[in-house]
*Asks:* 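The following block contains the structure, expressed as structure tokens.
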Amino acid sequence: MKILFTTSEAVPFATTGGLGDVCGSLPFALADLGHDVRVILPAYRCVWYVGREIRPLNVEFIVAVGSKTVSGRLLEHRSESVTFYFVQQDYYYDRDALYSVHGQDYADNCERFVFFSRATLEAIRLLDFYPDIIHAHDWQTGLVPAYLKIEYASSPLYRSMGSVFTIHNMAYQGRFWHWDMLLTGLDWKYFNWQQMEAYGQLNLLKTGIVFADAVSTVSPRYAQEIQTPEFGAGLEGVIQSRRDVLWGILNGIDYTVWNPTTDPHLPAPYDEHTVWQQKPFCKAALQSEVGLPQRPHVPLIAMIGRLTHQKGFDLVAKILPEWLEQTDTQWVILGTGETQLETTFRELANRYPDKLAVIFEFNLPLAHRIQGGADMFLMPSRFEPCGLAQLQALKYGTVPVVRAIGGLADTITDCRPETLANGTANGFSFTEESPQALSETLKRACDAYRQPEIWRQLVLTGMRQDWSWARSAPRYVEMYEATLRRIRGG
């Protein structure tokens, strides 16, 4: 099968989070299954900093963006099994960041991704690569299924292609004022409540959902949640209308990158057989690195991510003063985010320097060392389409404590007498969105930490589970094949 990923992010070239991780890893898992997989993304400024060979192709093109025409050219990077193409248009993509600067979205984001969507479909013809499936990701490529259905439907070269649209996070929808409909070049008749319009605005996420042949999201639970008002972000009715072609496929992680046995960032690599001897060295080194006392028998609780309401950091801010004052625990927090939350955590770290360390930056090597050295990993998210950090934590023998929503509910089995007995417990979870529920669950986790046999079982269960892309990629193939049978009548 020939598969083309069209995406605004893919590691290692450009990423802001889970979207980039998926689009940089899943193609290789699909290629390992014998498929011809290519990836196309914008040639941002940052792609040149990665150190991979990117060469220009002798391929230039011109596409319409509203009333004007814009030129671009294609670049290429070839790995052993997956080819990456880059759409170069420096006015649109040679910028400091992918989507925004100083907290403000670029004013021309709609125009930038209209151009990229059109470039994707032109690249197919220019490269003479006609995929069976075009797999579009998030609002930035929501127009690709629409253009395929509307403008390319009459072309015999494109007619048999299927389109899949993956929603990585319903909160980010690509909403633009209605006059930006002119930039798309599509007839105003499509600007209606059933297709491209939502609440008076042009909505590119909705466009992708409506026009794609199949829709997927990044965990089975999230596929159910986004059909409800609580998680549907205003588009739950649209999702419900496509539920017959909606797939929830859990993300995976790349064990060539996230593996304590081979991780170059760890001071003492380990596996399930050596974790009890080596992880204490990682813990002591981490404590020293972040300025905490080296106390081997005190639970070290970690958080990594965006300091936002969505990730539940405000719930942590409410319980942390009491925990720091009354419990014998240590905490390490890595990430950046909302100013008020940063201020709160900074003040607490100054007040309790022996118990709380905060590092307000994006530091991937340190993230690896935190996963390797911490005892528990905390994710009290209000919504979490899949979550990758809890999967990394499991591999590193760092027991997750999570709120049971989205992909967190699909991957973390709460430690209870019955789940310990049947060998499925791999962490701790709670359902109620409250500081009290979070605190009670952390207390359960700390109680279990002081019971070596229980803790050993939790750690080993998590480390032995397979959350790799090799586990998830066959489900994507199943979705592609089902989509092609439906649209081709086979």
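Keep in mind that what you see is a predicted model, and the values were worked out from it rather than measured.
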*Asks:* CD1/Ile253 to CZ/Arg471 distance, rounded to the nearest 0.5 angstrom?
*Replies:* 11.0 Å

*Asks:* With under 30° as parallel and over 60° as perpendicular, where do the rings of His178 and Phe191 fit, or are they tilted in between?
*Replies:* tilted

*Asks:* Do the ring planes of His368 and Trp258 sit parallel (below 30°), tilted (30 to 60°) or perpendicular (above 60°)?
*Replies:* parallel

*Asks:* Donor-acceptor check, side chain of Asp187 to backbone of Lys189, threshold 3.5 angstrom: yes or no?
*Replies:* yes

*Asks:* Are any non-hydrogen side-chain atoms of Leu235 and Asn203 less than 4.5 angstrom apart?
*Replies:* yes

*Asks:* In sequence, state the C-alpha distance, the side-chain angles, and the governing distance for Asn259 and Lys395, and then conclude on side chain to side chain contact (heavy atoms under 4.5 Å, CB included).
*Replies:* CA-CA 7 Å; Asn259 190 331; Lys395 187 66 174 177; 4.1 Å; yes

*Asks:* Is atom OH of Tyr130 surrounded by more than 12 heavy atoms (other residues, nucleotides or ligands) closer than 6.0 Å?
*Replies:* yes

*Asks:* With rounding to the nearest 0.5 angstrom, report the CZ to CG distance, Arg95 to Asp90.
*Replies:* 10.5 Å

*Asks:* Looking only at heavy atoms, what is the nearest atom pair of Pro131 and Met161, with distance?
*Replies:* O-CG, 3.1 Å

*Asks:* What heavy-atom pair brings Gly234 and Tyr199 nearest, and what distance separates the two atoms?
*Replies:* O-OH, 2.9 Å

*Asks:* Checking Ser8 against Tyr99 for the side chain to side chain donor-acceptor pair (under 3.5 Å) test, could you report, in this order, the C-alpha distance in whole Å, the side-chain angles of both residues, the deciding distance, and whether it holds?
*Replies:* CA-CA 10 Å; Ser8 61; Tyr99 314 120; 2.7 Å; yes

*Asks:* Can you tell me how far the CD atom of Gln390 sits from the CH2 atom of Trp467, to the nearest 0.5 Å?
*Replies:* 8.5 Å

*Asks:* So do Met303 and Phe313 actually touch side chain to side chain, heavy atoms under 4.5 Å?
*Replies:* yes

*Asks:* Quick one: pull up CZ in Arg486 and CD in Glu481 and give me the separation to the nearest 0.5 Å.
*Replies:* 13.0 Å

*Asks:* Atom CD of residue position Glu361 - does it have more than 12 heavy atoms of other residues, nucleotides or ligands inside 6.0 Å?
*Replies:* yes

*Asks:* Is Asp105 paired with Arg112 through a side-chain N to carboxylate O contact shorter than 4.0 Å?
*Replies:* no

*Asks:* Is the distance between the ring centroids of Phe176 and Trp139 under 6.0 Å?
*Replies:* yes

*Asks:* If you define the side chain from C-beta out and look only at heavy atoms, does anything of Thr461 sit under 4.5 Å from Thr424?
*Replies:* no

*Asks:* Verify, without hydrogens or angle tests, whether Asn426 (side chain) and Thr411 (backbone) share a donor-acceptor contact under 3.5 angstrom.
*Replies:* yes

*Asks:* Is it true that atom CH2 of Trp188 has more than 12 heavy atoms of other residues, nucleotides or ligands lying nearer than 6.0 Å?
*Replies:* yes

*Asks:* Taking the inter-plane angle between the rings of Phe211 and Tyr190 on a 0 to 90° scale, is it parallel (under 30°), tilted (30 to 60°) or perpendicular (over 60°)?
*Replies:* perpendicular

*Asks:* Give the ring-plane orientation class for His137 versus His135, where under 30° counts as parallel, over 60° as perpendicular and anything between as tilted.
*Replies:* parallel

*Asks:* Would you verify whether the NZ or CZ of Arg118 falls within 45 degrees of the ring axis of Tyr147 while also being under 6.0 Å from that six-membered ring's centre?
*Replies:* yes

*Asks:* Run through Arg306, Lys311, Arg221 and flag the one making a salt bridge (Lys or Arg N to Asp or Glu O under 4.0 Å) with Glu384.
*Replies:* Lys311

*Asks:* For Ile209, is there any backbone N or O sitting under 3.5 Å from a side-chain donor or acceptor partner on Arg242?
*Replies:* yes

*Asks:* Is there a donor-acceptor contact under 3.5 Å from the side chain of Glu338 to the main chain of Leu341?
*Replies:* no

*Asks:* Indicate yes or no: at least one non-hydrogen side-chain atom of Trp48 is less than 4.5 angstrom from one of Leu75.
*Replies:* yes

*Asks:* Given the rule in the side chain to side chain contact (heavy atoms under 4.5 Å, CB included) test, do Phe377 and Ile304 qualify, once you have shown the distances and angles that lead to the verdict?
*Replies:* CA-CA 8 Å; Phe377 192 89; Ile304 302 171; 3.7 Å; yes

*Asks:* Give, for atom CG of Leu205 and atom CD1 of Ile239, the distance between the pair rounded to the nearest 0.5 Å.
*Replies:* 7.0 Å

*Asks:* Under 4.0 Å between a side-chain nitrogen and a carboxylate oxygen: does that hold for Glu53 and Arg55?
*Replies:* no

*Asks:* Just by distance, do the side chain of Thr184 and the backbone of Asp180 share a donor-acceptor pair under 3.5 Å?
*Replies:* no

*Asks:* Identify all side-chain donor-acceptor contacts of residues 212-220 below 3.5 Å with residues at least two apart in sequence or on another chain.
*Replies:*
from, atom 1, to, atom 2, distance (Å)
Asp213, OD1, Lys149, NZ, 2.4
Asp213, OD2, Ser163, N, 2.9
Asp213, OD2, Ser163, OG, 3.4
Ser216, OG, Thr166, OG1, 2.6
Thr217, OG1, Ile167, O, 2.7
Ser219, OG, Tyr222, N, 3.1
Ser219, OG, Pro385, O, 2.6
Ser219, OG, Gly407, N, 3.3

*Asks:* Are Ser472 and Asn251 close enough that some pair of their side-chain heavy atoms sits under 4.5 Å apart?
*Replies:* no

*Asks:* For the CZ atom of Phe430 and the CG atom of Leu408, what is their distance to the nearest 0.5 Å?
*Replies:* 9.5 Å

*Asks:* Considering only heavy atoms from C-beta outward, does the side chain of Glu60 approach that of Ser71 to under 4.5 Å?
*Replies:* no

*Asks:* Could you report the tightest heavy-atom contact between Lys206 and Ala198, atom names first, then the distance?
*Replies:* CD-CB, 4.0 Å

*Asks:* Tell me whether Arg45 is salt-bridged to Asp94, with the criterion being a basic N under 4.0 Å from an acidic carboxylate O.
*Replies:* yes

*Asks:* Verify, without hydrogens or angle tests, whether Asp414 (side chain) and Ser429 (backbone) share a donor-acceptor contact under 3.5 angstrom.
*Replies:* yes

*Asks:* Can you see which heavy atom on Phe116 is nearest to which on Thr141, and at what distance?
*Replies:* CE2-CG2, 3.7 Å

*Asks:* Any side-chain heavy atom of Ser381 sitting closer than 4.5 Å to one from Arg403?
*Replies:* no

*Asks:* Out of the candidates Phe84, Tyr85, Tyr44, only one should pair with Phe13 under the ring-ring contact (aromatic ring centres under 6.0 Å, His included) rule; please name it.
*Replies:* Phe84

*Asks:* Using only atom types and a distance under 3.5 Å, with no angle test, would you say the side chain of Glu236 pairs donor to acceptor with the backbone of Phe231?
*Replies:* no

*Asks:* May I have the step-by-step check of side chain to side chain contact (heavy atoms under 4.5 Å, CB included) for Asp138 and Tyr172, ending in yes or no?
*Replies:* CA-CA 8 Å; Asp138 270 356; Tyr172 301 103; 5.8 Å; no

*Asks:* List the atom of Ala146, the atom of Leu186, and the distance in Å for their closest heavy-atom pair.
*Replies:* CB-CD1, 4.3 Å

*Asks:* With no hydrogens and no angle check, is any side-chain donor or acceptor of Gln310 less than 3.5 Å from a backbone partner on Arg382?
*Replies:* no

*Asks:* For a quick test of reading the model, state the closest non-hydrogen atom pair linking Ile412 to Pro400 and the distance between them.
*Replies:* CD1-CG, 3.7 Å

*Asks:* Do Tyr93 and Gln88 touch side chain to side chain, with heavy atoms closer than 4.5 Å?
*Replies:* no

*Asks:* Under 3.5 Å, is there a donor-acceptor pair between the Glu9 and Thr16 side chains?
*Replies:* yes

